[in-house]
There are 2 protein chains.
Amino acid sequence: MYEPTGLRARKKQRTHDAIADAAVSLFLEHGFDRVSVNDIAAAAEISKPTLFRYFPTKEDLVLHRFKDHQGEAARVVRDRAPGVEPMTALHRHFRAGLDRRDPVTGLNDHPEVVAFHRLVFGTPSLAGRLARYRLEDEEALADALGEGIEARLRAAQTLAVLQVLARANWQRIAGGRTAGDVHPEAVADADLAFGRLR
Amino acid sequence: MYEPTGLRARKKQRTHDAIADAAVSLFLEHGFDRVSVNDIAAAAEISKPTLFRYFPTKEDLVLHRFKDHQGEAARVVRDRAPGVEPMTALHRHFRAGLDRRDPVTGLNDHPEVVAFHRLVFGTPSLAGRLARYRLEDEEALADALGEGIEARLRAAQTLAVLQVLARANWQRIAGGRTAGDVHPEAVADADLAFGRLR
DNA sequence: CTTACTCGGTTGCTTTTTTAACCGAGTAAC
DNA sequence: GTTACTCGGTTAAAAAAGCAACCGAGTAAG
């Protein structure tokens, strides 16, 4: 269990971050469709093929931030402590996300995060790909929950709930309120939603 | 007459500078012999073979600054305007160097330059290589001045004069005086030396 | 006298990056 | 309806960089 911290790995990490940072900042400034991959490569001082070696598509330049959370629900269920119900584990996990203002919960009022959110959901192709990611998440969660149609239904309902909760939080933030102000309602919403889910 | 300003060239230039800067600053801090090429490579965040791809020897990490001036005297003579005597061209060139405080004239009191000077002439292996560079300069200047033993003698005397002038200036600066203060004497010395040379 | 360092410098092999050219789809000009 | 763009994305070849292992000389310990 060793991670190579050689020059190669370090420079790769830096290149990756340089590309992602250049891309997001250009997208936020001009909009996703008005920035070409050539512009990004130039800003990051790398060539176009190199850009595509780090990110398979233009959309991934934005969506890679969600990739870290890919399959998270399934993982939470699979790694839960013995004796804990799946829905309880997911509830606690979401609650912890709220407490630490994890952007995926929608409860984060940093200007960058809000602008990033607006970028993603204001760009159809990005929102579309995000929806497809959810389908994969659903499948993975279904597998973690068991077999058959019942597991699938519960997985679909769970992810739907998570999305509604996050969206509700985000809309409140977008309305001008602070994360700290919204937090109690967000917790209450989550309690209610997960209670109903059980 | 176009210079390729692609990514490749730009990054090469940056790597070159990063290595040279890291090396000189480490040398100034700890001394030439107490810094290994491994230390320099680590500080510049490159591998050892890469370092030697940019600089053939450890000494060149310091002396590359003089390489820019390699063969300068010969060039000045060869490119002089028609009707101008070789020694006159060299005299004017040196005088111009004094006016712009070119470090090779010794008339520069920037702390970095002084420290660098002390580094070079306080390290035997470096001073030695620098002397060998002078021999090449002499040959080139001799070729520019003509053929036969006479041209060689004039070349040798000329470079000797240049070195004496620079060393005199440097010693005055090392004594604590400023470049502006020393400048008139440096000009007078040069006038005298080149007058005698003709 | 061996053993085991360190240091300047090199060698071969692999990985990464650049370059220039290309593809297919869209789109504006004439 | 062709021409000539631009854009997302790919390909092949060549340059550059990383890595590990080595060489030969020096040097200190036992």
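A, B, ... follow the sequence lines: proteins, then strands. Residue 1 opens every chain.
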Donor-acceptor contact present, side-chain Thr50(A) to main-chain Ile46(A), <3.5 Å: no

Distance-only donor-acceptor check, side chains Gln13(A) and His16(A), under 3.5 Å: no

Rounded interatomic separation in angstrom, taking CG from Asn38(A) and P from dT6(D): 10 Å

Phosphate contact (dG18(D) OP1 or OP2) by Thr50(B) side-chain N/O below 4.0 Å: yes

Thr123(A) side chain to Leu126(A) backbone, donor-acceptor under 3.5 Å: no

Distance, rounded to the nearest Å, where Phe55(A) contributes CZ and dT10(D) contributes C1': 18 Å

Main-chain N/O of Asp60(B) paired to Lys67(B) side chain as donor or acceptor, under 3.5 Å: no

Length of the CG-P vector between Asp39(B) and dG8(C), whole Å: 8 Å

Aromatic plane relationship, Phe27(A) with Phe32(A) - under 30° parallel, 30 to 60° tilted, over 60° perpendicular: tilted

Nucleotide of dT18(C), dT10(D), dC19(D) approaching Phe52(A) most closely (side-chain heavy atoms): dT10(D)

Parallel, tilted or perpendicular, as decided by the 30° and 60° cut-offs, for the rings of Phe121(B) and Trp170(B): tilted

Check: Asp99(B)/His183(B) side-chain N/O donor and acceptor closer than 3.5 Å: yes

OP1 or OP2 of dT17(C) under 4.0 Å from side-chain N/O of Arg53(A): yes

Nucleotide nearest Ile46(B) (side chain, heavy atoms from C-beta), chosen from dT18(C), dG18(D), dG8(D): dG18(D)

Atom-to-atom span, CZ of Arg10(A) to C1' of dA17(D) - whole angstrom: 14 Å

Ser36(A) side-chain proximity, nearest of dG9(C), dG8(D), dT16(C): dG8(D)

dT17(C) phosphate, OP1 or OP2, under 4.0 Å from Lys11(B) side-chain N/O: no

Closest to side chain of Arg8(A), choosing from dG9(C), dG8(D), dA17(D): dA17(D)

Under 4.0 angstrom between Tyr54(B) side-chain N/O and dA17(D) OP1 or OP2: yes

Whole angstrom value for the distance that separates C1' of dC7(D) from CD of Glu59(A): 13 Å

If you restrict it to nitrogen or oxygen atoms, what contacts under 3.5 Å exist between nucleotides 21-29 of chain D and the protein, and what is each distance?
none

